[in-house]
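The chain is numbered in sequence order, starting from 1. Order of listing sets the numbers, starting from 1, for every ligand and every atom in it.
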Amino acid sequence: MATVKYVLNEDQMPTAWYNVAADMPSLPPPPLHPGTGQPLGPADLAPLFPMALIMQEVSTERAIEIPEEVQQIYRQWRPTPLYRARRLEQALDTPAKIYYKYEGVSPAGSHKPNTAIAQAYYNKQEGVKRLVTETGAGQWGSSLALAGAMFGLEIEVYMVKVSYNQKPYRRALMEAYGARVVASPSTETAAGRAILAEHPDSTGSLGIAISEAVEMAVQREDTKYALGSVLNHVLLHQTVIGLECLTQMEMAGDYPDVIVGCTGGGSNFSGIAFPFIGAKLRGERDVRVVAVEPAACPSLTKGKLAYDYGDTAHLAPMVRMHTLGSTFVPPGIHAGGLRYHGMAPLVSHLTELGEIQPIATQQLETFAAGLQFARAEGILPAPEANHAVAGAIREALRCKEAGKSEVILFNLCGHGHFDLQAYTDYQAGKLKDYEYSEEEVAMALAGLPSVG
Ligand SMILES: *Cc1c(COP(=O)(O)O)cnc(C)c1O
């Protein structure tokens, strides 16, 4: 089969996103209505999302054009740099070549604006005035707040309470961009009030915050909901990362043998990996792909592949994914962006097909990796990104042991400048590893919906 060529603009950026669904031998089964258990049609999703995004959600077209206005905003920080980590290679004394794509150069400091800008654009096009969302550690909230400022949309963010209290600077950034930030669970929604009635001291979870945001979004005609990960259209928008890597790796005269990314809901990982997995599925080039998740929230390595609710109050659609149960509240690791109970259906499905190899790493290993990276390369990674760094270091050491000079590519999905307290605590010996709680997960999994 002929190699698929991607069209670039004059700044060497892709002009279309890559949709992996076009090249998959089979597709994940459809999302289901949380109340009726019936497959969802576009009309069911219309209260939540603009039609353009719903159509992307179900599309099987390989290339989906990036609107000119979105390309124009991407140009403010894209293409993002691809670096060779020569000093880290030396420090590890590995024969492997390590490359990393750096998404921390976006205004919000992570990969998330890649989809926030696109989502705000399509909502604006369809006359939406206000977007409501949830955020864990605050990266998604600040990315959507940034996008809201650029398109003149009102943004309301339900922020998991433990982060709201522990990460005042992320909240400050969202408010600086003009967003309204509410600690979740809150008294503003029925979902929040129900949780508070049962657990007045609840520190919140992503599942609860999603319920609150969805509840608010469906109440007003001019308001919609935005999700920062998991859904097909979010993964689609993130493929600009991997598409740029294809060009940049070619300029460097290399092609990755191994690609490593961290997985919370799966979007930054998919962004870097899907264009390469597509080439493999089309029989063009082989590649091995490693997904690194926290041992404290191990949906891919320890979860069950089943239909589950996306949120605690069961307002969001059910999807078939690797899940730890929608009521599972993961321990308070510092990689807040990786504390989601489920995984993107496309990532789950590709894992089931054997295209993705998942591994889990403990918190202390990831912070040690992050500091080693910072001392060699100068960039301090986000705690989430430390999982990818740890995975890349494991691969580099494997190459050293085997005497193989493989090419490793990983996604440095964000910087850690808002996470310095976590680094201070790590250096003071205050962080610990968490055992995966088999009992708690068994309890959460007992609540899985029964789907035929
Ligand atoms: C949100 C976030 C993640 C986790 O989300 P994914 O959808 O799995 O990418 C990882 N890293 C950073 C820096 C984030 O902001």
remark   = atom 13 (C) of ligand 1: closest protein heavy atom, distance to 0.1 Å, is C413 SG, 3.7 Å

task = Starting from atom 8 (O) of ligand 1, find the nearest protein heavy-atom neighbour and note its residue, name and distance.
result = G264 N, 2.7 Å

key: N or O pair under 3.5 Å between G266 and ligand 1   = yes

Residues E365, R394: salt bridge by 4.0 Å N-O rule = yes

note = Nearest non-hydrogen contact to atom 5 (O) of ligand 1 from the set E384, E103, K112 belongs to K112

message = Taking the basic N atoms (NZ, or NE/NH1/NH2) and the acidic carboxylate oxygens, is any pair closer than 4.0 Å for R86 and E89?
response = no

E438 and V441, any side-chain heavy atoms less than 4.5 Å apart = no

request  = For H111 and ligand 1, answer yes if some heavy atom of the residue is under 4.0 Å from a ligand atom, otherwise no.
outcome  = yes

message = Under 6.0 Å from the ring centre and within 45 degrees of the ring axis: does the NZ or CZ of R285 meet both conditions for the six-membered ring of F276?
response = no

task = Tell me which one of L412, T115, N268 gets a heavy atom nearest to atom 9 (O) of ligand 1.
result = N268

query = Looking at ligand 1, does any of its N/O atoms fall within less than 3.5 Å of an N/O of A382?
reply = no

inquiry  = F418: which residues meet the ring pair (Phe, Tyr, Trp, His ring centres under 6.0 Å) condition with it, sequence neighbours left out?
reply    = none

ask   = Using a heavy-atom cut-off of under 4.0 Å, does the side chain or the backbone of T263 touch ligand 1, or both, or neither?
value = backbone

query = What about H341 and F328, are their ring centers closer than 6.0 Å?
reply = no

query = Taking the six-membered ring where the residue is Trp, are the ring centres of F49 and H233 under 6.0 Å apart?
reply = yes

key: Closest protein heavy atom to atom 4 (C) of ligand 1, given as residue, atom name and distance to 0.1 Å   = G337 O, 3.2 Å

query = Looking only at protein heavy atoms, which one is nearest to atom 7 (O) of ligand 1, and how far off is it?
reply = S229 OG, 2.5 Å

